[in-house]
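Notes for the one structure printed next.
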Amino acid sequence: MTRLKKIVYLVILLPLGVLLVVLSVANRQSVTLALNPFRPQDSVLSLTAPFFLFLMLALILGMAIGSVGTWWTQGKHRKQARVEAREAVKWHNEADKQKTPSTAVTPTSLPPAGPQMKTPALN
């Protein structure tokens with residue numbers, strides 16, 4: 001385990017866990033969650049559970065909704081990254097093609113560059 005992970009665990013996660021346990025012990029009493037706003041005493045649409053369970057479920061649900069919202073709003077950035085990655089691969093392959101010698105055009109098959117000038121021989 002790296003030093004940073006230990007620090008994060010000791011500074012953030014351990015106190016958070018202790019806080020959740022204390023909250024759970026302090027809120028053990030049973031409460032009823034009525035899902036029918038017009039008849040709260042209706043037992044068909046009500047749920048009875050310890051209060052800490054409702055607190056934990058609300059926390060988990062909020063984190064899940066926040067995660068989905070963040071993922072959704074960052075979709076344009078992920079799409080741009082995919083497009084740029086494909087383009088980088090394309091240009092990398094193009095550069096590799098340019099590095100390898102081509103057999104279609106060889107220096108010996110090229111015509112002379114211009115008129116050849118002969119220098120007079122000195123006798």
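Listed by chain and number, the hydrophobic cluster partners of W72 are W71, where partners are ILVMFWY side chains within reach of under 4.5 Å, directly or through others.
Qualifying side-chain contact (heavy atoms from CB on, under 4.5 Å) partners for T48, counting only residues two or more places apart in sequence or in other chains: S30, T32.
Rounding to the nearest 0.5 angstrom, the gap separating the CG atom in L33 from the OG atom in S46 is 8.5 Å. In this structure, CG on L55 lies 11.0 Å from CD1 on I60, to the nearest 0.5 angstrom. Between M63 atom CE and L59 atom CG the span is 5.5 Å, to the nearest 0.5 Å. To the nearest 0.5 Å, the span separating CG on D96 from CH2 on W91 amounts to 13.5 Å.
With E94 as reference, Q98 is the one residue of K90, Q98, H92 to meet the side-chain contact (heavy atoms from CB on, under 4.5 Å) rule. When each of E84, K79, Q80 is tested with R82 by the rule side-chain contact (heavy atoms from CB on, under 4.5 Å), just one qualifies, namely K79.
Shown here is R28, whose CZ atom has no more than 12 heavy atoms of other residues, nucleotides or ligands within 6.0 Å.
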Scan the side chains in residues 12-27 for donor-acceptor partners under 3.5 Å anywhere in the protein, sequence neighbours excluded, and list what turns up.
residue	atom	partner	partner atom	Å
S24	OG	L20	O	2.8
N27	ND2	L23	O	3.0

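At a threshold of 4.5 Å between side-chain heavy atoms, the hydrophobic network of Ile, Leu, Val, Met, Phe, Trp and Tyr places F52 and V31 in two separate groups.
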